[in-house]
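Note sheet for the following structure.
Worth saying up front: this structure is predicted, and the values here are computed from it rather than measured. FYI, side chains are in, hydrogens and waters are out, and symmetry mates aren't considered; it's all heavy atoms of this structure.
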Amino acid sequence: MNLVNKKASFQFTNILNRLSINVQNFDLSRCDERTFYITIAVQHVNHSTTCDLIFLIDRDELFGAISLNNLYENVQNFFVKHFNYSLLYIDEMQIAQRASENKKFTECMRTYMQKYPKYEAKLS
């Protein structure tokens, strides 16, 4: 990792520690056997945005990132506007990891696994 990436990683860790990340919505019909979708709210002070996270279930470890859909630009703009920071893929993975630590996420994952038991989801 070069110096620029280390600086960005440190900067994003500081940003992440100032955020509230909560599960906003889970619609099992959006998921399939290999993909788990969940909508989260990202909040900083009185400002918030939503985005969808996608987790690929058929992997050895469960990795998630922000889904490239109509909400993607909003979350990117949120970080630029409030932190003067452009999200990197590794940052998205950290957001997904933080969301996965939420109790409601665990409940949603349990519901998902009941419908789609083929793969065992193991959080990284």
**Asked** Does the pair Asp58/Lys118 count as a salt bridge with the N-to-O cut at 4.0 Å?
**Response** no
**Asked** Are His44 and Phe78 close enough that some pair of their side-chain heavy atoms sits under 4.5 Å apart?
**Response** yes
**Prompt:** Do Phe36 and Leu56 come within less than 4.5 Å of each other through their side chains, counting heavy atoms only?
**Reply:**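 No - every pair of side-chain heavy atoms lies 4.5 Å or more apart.
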**Item:** Ala96 versus Ala65, closest heavy-atom pair with distance
**Value:** CB-N, 3.9 Å
**Request:** Taking all heavy atoms of Val23 and all of Cys108, pick out the closest pair and write down the distance.
**Result:** CG1-SG, 4.4 Å
With no hydrogens and no angle check, is any side-chain donor or acceptor of [X] less than 3.5 Å from a backbone partner on [Y]?
X: Tyr85; Y: Ile15; result: no
X: Glu61; Y: Phe63; result: no
X: Tyr116; Y: Ile57; result: no
X: Glu92; Y: Ile66; result: yes

**Message:** Filter on salt bridge (Lys or Arg N to Asp or Glu O under 4.0 Å), then keep only pairs touching residues 66-79, sequence neighbours left out; what's left?
**Reply:**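 Non-adjacent pairs meeting salt bridge (Lys or Arg N to Asp or Glu O under 4.0 Å): zero.
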**Message:** Please enumerate all residues that pass side-chain hydrogen bond (donor to acceptor under 3.5 Å, both in side chains) together with Asn17, with sequence neighbours excluded.
**Reply:**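 Partners of Asn17 under the side-chain hydrogen bond (donor to acceptor under 3.5 Å, both in side chains) test: Arg98.
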**Message:** Applying side-chain hydrogen bond (donor to acceptor under 3.5 Å, both in side chains), can you list everything that pairs with Asn25, at least two apart in sequence or on another chain?
**Reply:**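 side-chain hydrogen bond (donor to acceptor under 3.5 Å, both in side chains) list for Asn25, sorted by chain: empty.
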**Message:** Would you say that more than 12 heavy atoms from the other residues, nucleotides or ligands in this model lie under 6.0 Å from the CZ of Arg34, or not?
**Reply:** no
